[in-house]
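Here's the structure we're looking at; comments come further down.
A, B, ... follow the sequence lines: proteins, then strands. Residue 1 opens every chain. None of these values were measured; they are calculated from a predicted model.
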There are 2 protein chains.
Amino acid sequence: MSPRTKDQYSEIRRVSREKILSAALELFAKKGFHATSISQIAKKAKISKGLMYNYFKSKDRLLDEIIQNGFTELAGLSYHSTKSASPEEQLKNYVSAVLDNLYSNYVYWQLYLALLVHPDIQKRYEKKMKAFRDEFIREFSKLFRKLGAKNPKLETFLLGTYFDGLVLNFIAAEADFSVEEIKNALLSKYIENIHPKSKRKSG
Amino acid sequence: MSPRTKDQYSEIRRVSREKILSAALELFAKKGFHATSISQIAKKAKISKGLMYNYFKSKDRLLDEIIQNGFTELAGLSYHSTKSASPEEQLKNYVSAVLDNLYSNYVYWQLYLALLVHPDIQKRYEKKMKAFRDEFIREFSKLFRKLGAKNPKLETFLLGTYFDGLVLNFIAAEADFSVEEIKNALLSKYIENIHPKSKRKSG
DNA sequence: GTCTATACCAAGATAGAC
DNA sequence: GTCTATCTTGGTATAGAC
């Protein structure tokens, strides 16, 4: 029996951490932080309660790390689409990106929502959330300005509100409409309304 | 010392119940159901822990009653505005009503949101929530149809999504815009977009 | 690196005095 | 009708064996 190498141990640790993080993320998002117990996490991750504390100092620290991962993941959105494209195209791309991200990172968005809803928890991550929102506002305001909106910040606010509401609907209701339908409805509304001169080429 | 009459007792009971309900509502909405303890409720209501159980069988039953009250309150919205008015006027009235209600019943909306976010809790009140949403959809679909929308249900979905998002923003962020601004932005977007022929009288 | 056993505490809930 | 004291459970977290 050769003993395990450093790399092997490191890999084992990585996997275990990952199992815990993934189980916790899902439960926190679905049931909420307080409603989720370490036992439930351990069960879902198929490890013992004790092991969790080997990897995370406390339930709170576990949440911290998950949130941190979430922000990293969600920031991956980053609004650096093809800058050369027309504003309309850019808006399209952005909205598409957000909606698609909303699907692929569903669980993180659900968690993000839960944080928003409860002021107490929200306060703990206030700074990061603000940074996240601020970038959103900055980027979309620029865009709406280019599109000739009267009040770009207000438009951005409304769009952001739309997104928030969409997350809620994806989570809460049995989604009566497809992403494509919503995407189109949203875009046509915004683009035509803000920039009525530039009718999209028909055909 | 004359003993208290039946009515006096009944009134005392009413007041105590009310104190508990009000304290619990606020805490459930703000911190979430699971994050709120009976002790905290008792403290806020300025009663003893034990008394709570005199009025409610359990923490769960307490929540049940609060939710019930919430639906009653929110249903007070009811979309029976002046039927004689034009569809545009009606939409205006409805949107106004919802936004105003959103302010006056802030706490209930916050709670409603918290319920939506967590599928587990949501399931417990699924039926009532569905009834509530269904009425919303029915009424606004009618309206959007009158306004000549291509897909009234989709429009209703989008509007509902807006409202959901607005609730979130009122709760989560430090509201960058006034209700009036939002109301107008929303309405102008919807009305002009859906019914482009009928330009509002300028002047 | 992982588990079981256990300490410790706070939560929900009940009993009985006033 | 209200309170204090108490029971019981389940939670977070730690210790120590494997």
| field | B:Phe56 CZ to C:dG12 C1', straight-line distance once rounded to whole Å | value | 16 Å

| request: Could you tell me the separation between the NZ atom of B:Lys59 and the P atom of C:dA13, rounded to a whole number of Å? | output: 8 Å

| said: If the condition is salt bridge (charged side-chain N to carboxylate O under 4.0 Å, His left out), which residues does A:Lys43 pass it with, not counting sequence neighbours? | reply: none

| request: Find the distance B:Tyr53:OH to C:dA13:P and express it as a whole number of Å. | output: 4 Å

| request: Only pairs at least two apart or in different chains count here, so list each salt bridge (charged side-chain N to carboxylate O under 4.0 Å, His left out) that has a residue in residues 102-118 of chain B. | output: none

| message | I want to know whether B:Tyr106 and B:Trp109 have ring centres closer than 6.0 Å. | response | no

| said: Give the residues of residues 18-49 of chain B touching DNA chain C, defined as any heavy atom closer than 4.0 Å, sorted by residue number. | reply: B:Thr36, B:Ser37, B:Ile38, B:Lys49

| What pairs meet the side chain to side chain donor-acceptor pair (under 3.5 Å) rule with one or both residues in residues 46-63 of chain B, with sequence neighbours excluded? | B:Asp60-B:Arg124, B:Arg61-B:Asp64

| side-chain hydrogen bond (donor to acceptor under 3.5 Å, both in side chains) involving B:Asp7 - partner list, sequence neighbours excluded | none

| query | Mind checking whether B:Ile41 and B:Leu62 have side chains closer than 4.5 Å, heavy atoms only? | reply | yes

| task | For DNA chain D, note the earliest and the latest nucleotide, 5' to 3', having some atom under 4.0 Å of a heavy atom belonging to chain B. | result | D:dG1 to D:dT4

| request: With the side chain counted from C-beta on, respond yes when A:Phe157 and B:Asn169 share a heavy-atom pair under 4.5 Å apart, and no when they do not. | output: yes

| said: For a 4.5 angstrom cut-off between non-hydrogen side-chain atoms, does A:Lys130 reach A:Lys127? | reply: no

